[in-house]
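Predicted model only: the values in this text are computed from it and were never measured. Note that ligands are numbered from 1 as they come in the structure, with each ligand's atoms numbered from 1 the same way. Index from 1, following the sequence.
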Amino acid sequence: MLFLRAIISVVALVAAEDGSQAWLRYAPVVQGEISTFSPTSIIALNTSEISPVYAARQELQKGIRGMLGVQLGFNSTKNASAIIVGTVEAYKAKYGDLGEQEQLVDDGFYLNSQGRNVLIIGQNERGALYGAFEYLSRLAQGNFGPVSSISNPHAPIRWANEWNNLDGTIERGYAGPSIFFEGGFVKENLTRVAEYARLLASVRINAVVVNNVNANPTLLSARNIEGLGRLADVMRPYGVQLGIALNFAAPQTFGQLDTFDPLDPKVDAWWGNNTDQIYARVPDMAGYLIKANSEGQPGPLTYNRTLAEGANMFARAVAKYGGVVMFRAFVYDNKLNPAIWKADRANAAFEFFRHLDGKFDENVVVQIKYGPIDFQVREPASPLFSALRQTNTAIELQITQEYLGHQTHLVYLSPLWKEILDFDLRADNKSSQVKDIVSGKRFKRSLGGFAGVVNVGTNTNWLGHHLAMSNLYAYGMMAWDPSVDPETILQDWARLTFGSDRAVLDTITSMSMSSWPAYENYTGNLGIQTLTDILYTHFGPNPASQDNNGWGQWTRANKKSLGMDRTVRNGTGNAGQYPPEIAQMYENTESTPDNLLLWFHHVPYTHRLKSGETVIQHFYDAHYAGAAVAQEFVKQWESLKGKIDEQRYQEVLFRQEFHAGHALVWRDSINQFYYNLSEIPDEAKRVGIHPFRFEAEKMTLSGYRPYAVNPFHTASGYTAVVTTSNSTVGTATVELTVESGVYDVAINYYDMDRGRSEYEVSVGNRTVGKWTGDLERRLGRATSVYLDGHSATRITFRGVEVRKGDVLKIVGKPDGIEPAPIDYVSLLPEGVVD
Ligand code: GCV
């Protein structure tokens, strides 16, 4: 029997998998003491189909069948070897006392082996389901020993936010259109919503806000309320509650009142009435999420009412149903004047909310982004966490990689979140870790927790990149218990997702754990922010886009110096928003950690870091180091060929190759930008010096012409080539004056939206490769209609034989608006990256 299982397992390892099951694959298990698994049946203490206990029963049966090849029957009477799953109350009613349950809080669970019985007992039904998932996760990881543990959540609020529009698009979503909406309404087929709820429940997320915070008021139409009811119905069996985002002006724009003033009784009554209608269809709705007076959204400030008055209006409407209002602190003026040295967007949330402390109703939670700006690659913790003492708070994290590579770059985010959650703000000179503030423990608040912007789409694997799913898994597990180590969570996820092969685990661990530092290195380091294009896609490099506009993500880079002066002494005063011990640390360059130096200080490029390096040389070195790590990811992943099923292996490889190429685009672009600005050369003589490149504009061109790329630093030598018209086939040729040998041929080109150009490259009349510029179809990243840092990419053909004097020829056939653009060709001897 065991031998048979072992065979099944090997076969399953190589069978194609599409990622739809994520970490809930229940693949046959070979490791661990399988023979000690003794249960022969499952007793569920609630068998109503809408109960999470029922879902737990089904999941236990399915999981055990998949992993162990054993079909457990359902039983109702206790026998010597059953898995018993249910709530404390149901257990007590049936079997009497249960000792340890006293320690359970809402959603908590208890696992215990009693002889050959396994007890999975939740404080509530949802907790029982969480316990079942935990038990299955242990089995999947080869842990068959007796269980005995109690697990309680760190905080009651553990929500997912989905920025889905009613037309089916997703703001900052990179994995296809919405699973919730299309054409203005809730979708008819909600199969994937149920599957998503199952995934979320397995990582103990208890609610989902299904629509964009930039909310469409027509969500409140009768047809959509019915649709919301259907959404809640399919998620309910998994204990995942529905939440919705509201548009503050809805009473006027949708309800046809002449005002949306929150203190106008008509408006109050309108929201009360609408809320009653929604709760009539969704009696267990979790509550509302509100973005007000932010980025053009309406809010109470229009009527000179406070943000608290606005929040409390909704709080009153949902209070009688036990609902909560998540009110976002992401309120700022996006028309700031960059000429004012002391103006600072980072000050906004604190300035708007601090004086409102204690003015919010008990069922309001102020939802605060982790840093003062907007999900950058590195930010200090928001000072607002330490300022709200009599107000419930939650931290907002982002699983969707808006500023972090759109799920085409591998970036494991749990270490970033951990740094923020563990950060000690030293409120009143006492330990005040962010995680203890948002749980409500530090300031003794009744509510609090976590909101994670996920943005799953219809892509089979949910987030577009199989490896990005570690972020969703980690988010849930950290919201439950922020003290867990990011590497431990990662390894659990990797074992569940890819199996327990040591090489697979070690490789994925090494790649993922080095991914955030690498991304920080080749994008924006020393706290300067991500340096992506904030005026367009938030994907590729464009440092100049940060400055001289009203958005306030300034770097203040000039010829001599850069960084935001946020000191109290001479700058925007932002450092002074922190409690005294932290304020003092950030006030001075000497005590500010290097990785936040440019967040808090404006310094010359020649300023010396604690390492002894200058700021500019650190920029150059870090960009080279980070991009080099991204090249290694490809080789690391390739070492797993045959150890992972071919489908997921190839899909990840494709993204890692893109990632490696785009990391070089980032490296060169940022280095070139700051070299150009500061005119300080790279001591290591790398920046702007590319001995292995053949610039396309210097090749012999026919049907192609040189094109000055904008931003200039997103093209090697600032110039690319494009076809002379959208119907002309272009040819670029160059004689290769290199020693005969075997080379990798890397071609940097631009893959724009709205066109699928075709390319062919040959060396000495021997075809090296052909490809189509169709990444807009294959990657979910935001696209660009320009030649720029978003469309810039690289394709590499490896092991090409080249003879001295061979002619390299690229033929480019334009399509749509895409003129088959080429930047350069690198001819790379083994081990060289250029
Ligand atoms: C949903 C940033 C993003 C916006 C997002 C906003 C927010 O500005 O770029 O897409 O809007 O944050 O969090 O409200």
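Salt bridge status for R556 with D565: absent, with no side-chain N to carboxylate O gap under 4.0 Å. We find that E419 and R378 are joined by a salt bridge, their nearest charged nitrogen and carboxylate oxygen being less than 4.0 Å apart.
Annotation: Y332 places no N or O atom under 3.5 Å from an N or O atom of ligand 1; distance criterion only. Polar contact with ligand 1: present for E295 (N/O pair, distance under 3.5 Å). Between E396 and ligand 1, no N or O atom pair is found at a separation short of 3.5 Å.
For ligand 1 and R328, the ligand atoms under 4.0 Å from any heavy atom of the residue are 7 (C), 13 (O), 14 (O). Shown in contact with V213 at under 4.0 Å from a heavy atom are these atoms of ligand 1, numbered in order with element: 1 (C), 14 (O). The N214 neighbourhood of ligand 1 comprises atoms 1 (C), 11 (O), with distances under 4.0 Å to a heavy atom of that residue. Every atom of ligand 1 with a heavy atom of K291 under 4.0 Å away is listed here by number and element: 6 (C), 7 (C), 11 (O), 14 (O). Counting atoms of ligand 1 from 1 in the listed order, those under 4.0 Å from a heavy atom of H538 are 9 (O). For ligand 1, the atoms sitting less than 4.0 Å from at least one non-hydrogen atom of N212 are 1 (C), numbered in the order shown with element in parentheses.
Residue V453 does not touch ligand 1, judged by heavy-atom distances below 4.0 Å. Only the side chain of F330 comes within 4.0 Å of ligand 1, judged by heavy-atom distances.
Ranking protein heavy atoms by distance to atom 4 (C) of ligand 1, first place goes to E171 OE2, 3.3 Å. Shortest contact from atom 2 (C) of ligand 1 to any protein heavy atom: D374 OD2, 3.0 Å. The protein non-hydrogen atom at the shortest distance from atom 12 (O) of ligand 1 is K369 NZ, 3.1 Å. Atom 3 (C) of ligand 1 has as its closest protein heavy atom E402 OE2, 3.1 Å.
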Determine, stepwise, if the pair F443 / R389 fulfils side chain to side chain contact (heavy atoms under 4.5 Å, CB included). CA-CA 6 Å; F443 299 128; R389 314 279 178 94; 3.1 Å; yes

Set out, in order, the CA-CA distance, both residues' side-chain angles and the distance that settles side-chain hydrogen bond (donor to acceptor under 3.5 Å, both in side chains) for N214 and E171, then state yes or no. CA-CA 9 Å; N214 294 324; E171 183 158 349; 3.0 Å; yes

N574 vs N347, test: side-chain hydrogen bond (donor to acceptor under 3.5 Å, both in side chains). Steps then yes/no. CA-CA 6 Å; N574 177 261; N347 285 345; 2.9 Å; yes

What's the verdict on ring-ring contact (aromatic ring centres under 6.0 Å, His included) for Y786 and Y536, showing C-alpha distance, side-chain angles and the deciding distance? CA-CA 11 Å; Y786 307 108; Y536 192 29; 5.6 Å; yes

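Judged by a 6.0 Å distance limit and a 45° cone about the ring axis, R204 is positioned over the six-membered ring of W480.
Within 6.0 Å of CZ in F712 there are more than 12 heavy atoms belonging to other residues, nucleotides or ligands.
Contact record, A160 with Y196: CB-OH, 4.3 Å, taken as the closest heavy-atom pair.
The shortest separation from a heavy atom of Q297 to ligand 1 is not under 4.0 Å, leaving the residue out of contact.
A side-chain donor-acceptor contact under 3.5 Å links S669 and H713.
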